[in-house]
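Quick notes on the structure that follows.
Just so we're on the same page: letters track the sequence lines, and every chain starts at 1.
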Amino acid sequence: MAVKTYIEAIRDGMRDEMRKDERVIVLGEDVGVKGGVFKATEGLHKEFGEMRVIDTPLAESGIVGVAIGAAINGLRPIAEIQFQDFIMPAVDQIISEAAKIRYRSNNDFGVPMVVRAPFGGGVHGALYHSQSMEAMFCHIPGLKVVVPSTPHDAKGLLRSAIRDPDPVLYFEHKRAYRLIKGEVPEDEYTEPLGRAAVRRSGDDIAIFSYGLMVHFCLEAAEALSRDGFECEVVDLRSLRPLDRQAIVDAAKKCGKVLVVQEANLAVSVASEVAAIVAEECFEYLDAPVRRLGGPEVPAVPFSPPLEEFYMVNPAKVEHALRELAAY
Amino acid sequence: MAVKTYIEAIRDGMRDEMRKDERVIVLGEDVGVKGGVFKATEGLHKEFGEMRVIDTPLAESGIVGVAIGAAINGLRPIAEIQFQDFIMPAVDQIISEAAKIRYRSNNDFGVPMVVRAPFGGGVHGALYHSQSMEAMFCHIPGLKVVVPSTPHDAKGLLRSAIRDPDPVLYFEHKRAYRLIKGEVPEDEYTEPLGRAAVRRSGDDIAIFSYGLMVHFCLEAAEALSRDGFECEVVDLRSLRPLDRQAIVDAAKKCGKVLVVQEANLAVSVASEVAAIVAEECFEYLDAPVRRLGGPEVPAVPFSPPLEEFYMVNPAKVEHALRELAAY
Amino acid sequence: MAVAKPKPDARQDSKVDPDLLRTMYRHMVRARVLDERMWVLNRQGRAPFVISCQGHEAAQVGMAMALRPGYDWLAPYYRDLAVTLVIGMTPRDHLLAVLARAADPNSGARQMPAHYGCRRLNIITGGSPVATQVLHAAGAALASKVRGEDAVALTSLGEGSTSEGDFHEGLNFAAVHRLPVICVVENNGYAISVPWEKQGAIKDVAQRAQGYGMPGVIVDGTDVVACYHAAVEAVARGRRGEGPTLIEAKVARLTPHSSDDDDRVYRSREEVADNKAHDCVARFRLELEESGVLAPGDAAEIRAEAMREVDRALEEAEASPLPSPESALLHVYAEDV
Amino acid sequence: MAVAKPKPDARQDSKVDPDLLRTMYRHMVRARVLDERMWVLNRQGRAPFVISCQGHEAAQVGMAMALRPGYDWLAPYYRDLAVTLVIGMTPRDHLLAVLARAADPNSGARQMPAHYGCRRLNIITGGSPVATQVLHAAGAALASKVRGEDAVALTSLGEGSTSEGDFHEGLNFAAVHRLPVICVVENNGYAISVPWEKQGAIKDVAQRAQGYGMPGVIVDGTDVVACYHAAVEAVARGRRGEGPTLIEAKVARLTPHSSDDDDRVYRSREEVADNKAHDCVARFRLELEESGVLAPGDAAEIRAEAMREVDRALEEAEASPLPSPESALLHVYAEDV
Ligand SMILES: Cc1ncc(C[n+]2csc(CCOP(=O)(O)OP(=O)(O)O)c2C)c(N)n1
Ligand SMILES: Cc1ncc(C[n+]2csc(CCOP(=O)(O)OP(=O)(O)O)c2C)c(N)n1
Ligand SMILES: [Mg+2]
Ligand SMILES: [Mg+2]
């Protein structure tokens with residue numbers, strides 16, 4: 001199997017689907033000739049032309065609103081938001097429109113659209129090129145939210161997202177783009193939306209995470225393993241819907257739970273995972289459910305000491321695990 | 001003390017502060033001559049004139065963005081969003097700008113602004129005049145989110161919100177406007193932001209709720225009281241920040257917890273409350289933390305049978321309490 | 001790109017077939033009769049919410065008749081009752097919505113009435129947030145263009161809604177990509193209580209077109225034939241691949257904003273009376289009778305026919321069941337069945 | 001409201017005091033020297049990010065010099081290095097930001113460089129999302145008006161950013177309320193890689209003004225004196241309470257979009273070379289030397305002086321400490337101290 005970077009897998013996923021299905025188009029800022037600011041769409045403009053790879057005006061509500069209309073009229077648009085931080089002007093089109101169109105039309109209309117956006121910190125991007133803003137979308141019925149952590153999943157989940165009949169927000173960790181490499185099958189495999197994946201099994205502590213943080217969790221889990229504590233690492237992958245069964249199974253098996261995310265904790269994905277565990281695993285818990293995430297400040301600051309202080313890293317995960325283990 | 005409706009208390013709060021502080025202005029759609037679609041600003045245009053009570057163009061991002069600029073240049077704007085459902089186009093100005101301005105300027109600038117918006121269902125308002133969209137804002141550091149449940153708090157919390165140096169989202173339950181009446185002191189009292197209020201004390205089950213739901217919880221609590229179960233009813237009031245201490249105290253005291261909200265549950269305020277309890281009250285819990293809220297559908301549907309099915313009501317609260325009591 | 005004033009001779013130089021004129025009149029009357037009936041139901045407490053097309057019928061019928069139903073796309077707004085009737089929806093469809101019945105084809109009674117949608121007729125489902133549909137029309141037009149079809153997309157909104165960012169982003173996108181979009185602004189002078197002077201510092205909404213590089217056309221929205229001609233021209237332009245057109249139809253809102261509004265606090269009774277005196281339906285009837293297109297008695301018969309249709313539709317709607325409570329859980333995602 | 005072409009005799013009929021011309025030139029050189037130094041630091045790996053004002057200096061200096069520093073309000077964007085220097089910020093201030101030092105007055109090194117802000121000088125803190133600042137300028141102007149002051153608010157953005165809804169909502173609000181807003185669009189023809197033709201179907205950005213009912217003025221943004229005159233006129237208009245003005249300054253982006261961009265994939269080297277050949281700083285120097293405003297040697301001395309200032313500023317910035325890690329928790333709310 002070929003080894004690819006995370007961003008190559010995303011690019012391949014788009015290219016393959018565009019070759020296979022001419023209804024698939026890509027639109028966004030700088031996605032054409034430039035191939036995107038991260039090069040995720042590199043080569044697509046050349047291969048598929050400007051009818052299917054569209055450099056839009058600088059207007060995010062416009063990008064998503066146009067994608068919705070195009071999806072309703074038979075296309076399969078992939079809208080790229082240059083940075084997830086800049087999805088905010090499109091929130092009305094995503095939450096008031098895309099998420100509600102099937103429901104409000106009593107299943108007469110659907111919006112088969114993917115919105116791709118790079119998120120996450122640790123790249124000196126400061127407040128507006130580092131955010132992890134998935135939580136607000138995970139609250140919204142009608143949306144699906146996906147965050148791959150490996151090149152294999154990046155391609156397999158993107159295929160499923162493009163083929164899905166409903167709007168899918170596909171969030172890519174920008175630091176993983178070139179940092180994370182892995183084997184990607186040549187064949188036309190898919191990964192299902194809505195399912196978590198167990199990355200490491202153990203029965204002492206269940207760790208739930210997603211995106212780049214999964215790799216930090218695996219690193220920390222290895223460190224504890226040397227002292228005989230075996231952690232189960234569950235990659236949530238799908239943040240809406242959450243894989244309730246996978247969460248409950250791992251939590252019950254281990255009796256201790258740590259949820260790890262890059263975003264700040266209040267009213268977040270970690271809150272929901274902790275609430276599910278508290279509701280459904282009460283009699284199996286041997287310790288309080290623990291959450292590790294960013295501090296309650298607006299976003300990742302720029303200066304290196306500040307950014308380092310903000311970011312979750314393997315050492316912080318290990319520290320939290322040792323506390324739980326000692327409980 | 002005079003008995004006022006919830007909406008009268010809000011109107012009085014604005015009028016009093018405008019009389020006291022000429023920096024306070026009101027802006028929004030139809031807030032002028034018409035006095036707002038719910039009449040919340042009735043009489044203000046006549047008393048304070050169109051320089052301070054401004055009918056804006058139909059543009060929510062504009063309303064909030066202008067309020068931010070005016071606040072930065074010394075005013076104390078109260079921006080009215082006609083329905084909370086229509087706050088979505090303003091999310092970028094609220095989350096990317098207002099919430100981050102103090103932090104990003106290292107305390108050089110602040111945004112003393114209040115954004116008022118009516119929320120909530122049960123008024124045949126259907127998908128876009130019934131939503132409870134507080135959760136997404138409660139995730140955001142830099143914002144404060146307040147939801148009063150009584151006329152007394154409506155006025156006292158609004159005063160504090162207007163005087164607060166940071167942006168406050170003040171969400172009013174539209175069904176409470178004329179339904180909820182109560183005594184309101186004549187004097188210039190305030191209620192602090194960030195503090196919950198215990199509405200009923202008991203030590204069997206702790207109920208956490210906010211807005212109109214608090215009244216449903218009190219009703220259900222009375223029903224259980226007849227059978228000897230005493231519930232503590234905690235009105236959260238401030239959804240960001242949450243009053244962690246008040247939550248932990250009540251949960252530890254009762255050992256059983258029910259969180260009630262009108263919004264759907266996934267990644268919501270109820271998730272955060274449950275997560276806090278699971279983290280901090282582990283050794284005190286006698287039952288799983290239970291959450292009651294709207295179903296996981298995009299919003300409240302219009303037709304009466306559908307709306308009734310969707311809405312939380314006292315009977316549903318009572319049912320959940322009896323299940324917990326029986327655990 | 002100068003704003004095109006309606007040619008005074010517009011009526012003369014436009015040979016419109018008498019049958020077409022009669023059809024236009026029939027559509028206008030049908031919409032008016034249905035709209036009036038909804039208000040009756042509201043006053044009787046049988047319909048919680050009504051929002052009206054009264055005063056907009058000429059503009060709506062004129063524009064809609066320039067389209068190919070089921071081929072062209074529409075992203076209308078809540079006043080466009082007459083538009084939906086011309087394209088193929090029925091009084092029954094809308095009374096099902098007004099009475100919140102399960103069979104409402106717009107939304108299964110999930111949305112308030114006047115939130116139109118019908119896949120079969122390419123009428124894109126609309127929500128309540130204003131101006132968002134302008135982008136949906138641009139997207140639908142883009143899709144048609146990508147497939148090499150010559151379908152156009154007509155979207156409409158009120159003048160107040162042109163203050164929203166989505167209006168700007170939608171028209172700009174349509175212009176840059178030369179998309180076959182016809183954006184109809186039904187300018188009735190008010191956004192609920194807020195007059196046009198507080199929405200824009202320009203005399204005519206059509207002027208906004210100049211910021212996008214598309215024609216901005218002004219028509220008398222109480223003149224159905226003028227509206228029809230303006231739309232026919234815009235549609236032809238779109239089909240030829242020459243891009244979008246903004247049409248401002250100057251209309252009058254003959255009712256309060258909706259059944260929840262009381263307009264006495266913000267507009268004078270004189271103004272309201274004056275509007276009623278220039279009712280587009282009455283005006284068209286007079287013209288048709290003067291020109292002999294309608295014989296004596298025709299108008300009365302057309303109205304009676306509309307009444308009968310609405311009566312029947314109401315009976316059927318009332319006999320139709322409400323949705324079952326649990327059905328509230330359906331259709332969040334495609335797999336929910 | 002026709003677009004006002006710059007009068008050919010603009011230079012003649014404008015008696016500009018030679019000292020003022022020299023000051024303008026000094027500001028332009030100072031900004032250019034500082035900007036160039038930032039790129040050096042970037043290539044040396046000492047500055048992770050640089051975004052440039054090179055090619056925009058004439059527009060920025062001309063516009064900013066029409067304002068009263070500390071009285072008028074500014075909501076600039078990331079290219080406005082020269083604007084901030086004219087208003088009173090210093091090379092030291094910005095090098096502290098580039099080197100991410102705690103003493104950075106813009107943000108305490110919390111934001112990327114070029115996110116300007118200074119309460120003392122009424123320079124409103126800017127974030128990264130484009131066009132949001134247009135509304136902040138409108139709000140600041142509203143507040144001044146409410147208090148009866150005659151301060152104006154100048155906001156600037158790139159031509160691509162005029163596609164955003166906030167641009168529309170901001171200018172429309174300012175026009176309706178006749179607010180003293182000067183909106184400067186620095187049109188360098190590109191939004192990162194996207195050319196103007198893909199942002200708007202109009203020749204000039206200034207045309208957008210017509211949709212709002214305000215003057216749309218086009219100036220040669222490489223002509224500092226023309227920009228100054230355009231701004232002086234717009235500021236006077238604002239102070240007189242006559243409302244906002246949109247000024248389009250046609251400039252050239254002499255660098256890639258930022259230190260993260262490679263513009264070779266989307267623009268020809270010829271184009272870049274041609275832009276450099278019309279460098280506004282070199283052009284102004286020539287004019288001033290021809291007209292004798294600068295004596296031989298003056299220009300060299302002005303540049304040397306700027307170099308010395310930047311050298312000193314860099315030394316000071318490098319000697320200045322980074323923020324402490326825990327300080328990341330401060331100033332989320334006013335009570336955090
Ligand atoms: C985004 C948004 N904000 C506010 C509203 C509330 N609202 C409904 S209709 C309306 C006025 C619309 O006026 P106009 O666009 O002129 O259309 P008209 O009703 O006059 O035909 C308002 C403010 C809304 N539906 N959507
Ligand atoms: C809302 C938003 N979307 C996207 C971006 C990413 N971005 C930063 S600058 C830029 C291009 C801006 O071009 P223009 O407005 O012409 O200004 P210029 O850089 O050319 O001076 C883009 C797309 C952003 N900062 N904000
Ligand atoms: Mg109107
Ligand atoms: Mg540009």
Residues B:Val66, D:Leu142; criterion side chain to side chain contact (heavy atoms under 4.5 Å, CB included); working and verdict = CA-CA 8 Å; B:Val66 164; D:Leu142 176 71; 3.9 Å; yes

[atom1] of [X] to [atom2] of [Y]: how many Å apart, nearest 0.5 Å?
X: D:Arg147; Y: B:Glu22; atom1: CZ; atom2: CD; result: 10.0 Å
X: D:Glu169; Y: B:Glu60; atom1: CD; atom2: CD; result: 7.5 Å
X: B:Ile68; Y: D:Leu135; atom1: CD1; atom2: CG; result: 8.5 Å
X: B:Lys100; Y: D:Thr125; atom1: NZ; atom2: OG1; result: 12.5 Å
X: B:Thr56; Y: D:Phe173; atom1: OG1; atom2: CZ; result: 6.5 Å
X: B:Ser105; Y: D:His115; atom1: OG; atom2: NE2; result: 13.0 Å

Is it the backbone or the side chain of [X] that comes under 4.5 Å from a heavy atom of chain B, or both, or neither?
X: D:His177; answer: side chain
X: D:Arg110; answer: side chain
X: D:Leu171; answer: neither
X: D:Ser144; answer: both
X: D:Asn106; answer: backbone

Around B:Lys46, counting heavy atoms of other residues, nucleotides and ligands shown, do more than 12 lie under 6.0 Å from its NZ?
->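 Not more than 12 within 6.0 Å, no.
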
Are more than 12 heavy atoms from other residues, nucleotides or ligands located less than 6.0 Å from atom CZ of B:Arg163?
->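 Yes, because the 6.0 Å sphere around CZ of B:Arg163 holds more than 12 heavy atoms from other groups.
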
Given that the side chain runs from C-beta out, which part of [X] has a heavy atom under 4.5 Å from chain D: side chain, backbone, both or neither?
X: B:Ser96; answer: side chain
X: B:Glu50; answer: neither
X: B:Ala67; answer: neither
X: B:Ile25; answer: side chain
X: B:Asp164; answer: neither
X: B:Pro165; answer: side chain

Of all of [options], which one pairs up most often with chain B through heavy atoms under 4.5 Å apart?
options: D:Ala141, D:Gly108, D:Ala140; answer: D:Ala140
options: D:Leu179, D:Val332, D:Asp166, D:Thr132; answer: D:Thr132
options: D:Ala151, D:Ala153, D:Gly126, D:Ala138; answer: D:Gly126
options: D:Cys118, D:Ala137, D:Gly165; answer: D:Cys118

Where is the tightest heavy-atom contact between B:Asn73 and D:Trp73, given as atom of each residue plus distance?
->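 Heavy-atom minimum between the residues: OD1-CZ2, 3.2 Å.
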
Keeping the roles fixed (side chain from [X], backbone from [Y]), state whether a donor-acceptor pair exists under 3.5 Å.
X: D:Tyr333; Y: B:Asp166; result: no
X: B:Tyr103; Y: D:Ala328; result: yes
X: B:Asp108; Y: D:Gly117; result: no

Could you tell me whether the side chain of B:Gln93 reaches within less than 4.5 Å of the side chain of D:His136, counting heavy atoms only?
->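 The answer is yes; the side chains approach within 4.5 Å.
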
Any side-chain heavy atom of B:Leu75 sitting closer than 4.5 Å to one from D:Val146?
->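 Yes; the side chains approach each other to less than 4.5 Å.
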
Please determine if B:Arg102 and D:Glu335 form a salt bridge, counting it only when a charged side-chain N lies under 4.0 Å from a carboxylate O.
->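 Result for this pair is no, no salt bridge flagged.
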
Decide side chain to side chain donor-acceptor pair (under 3.5 Å) for D:Ser107 and B:Asn106; before the verdict, give the C-alpha distance in whole Å, the side-chain angles of both, and the deciding distance to 0.1 Å.
-> CA-CA 5 Å; D:Ser107 79; B:Asn106 203 32; over 6 Å; no

Quick one: do B:Asn107 and D:Leu330 satisfy side chain to side chain contact (heavy atoms under 4.5 Å, CB included)? Show the steps, please.
-> CA-CA 9 Å; B:Asn107 211 29; D:Leu330 298 176; over 6 Å; no

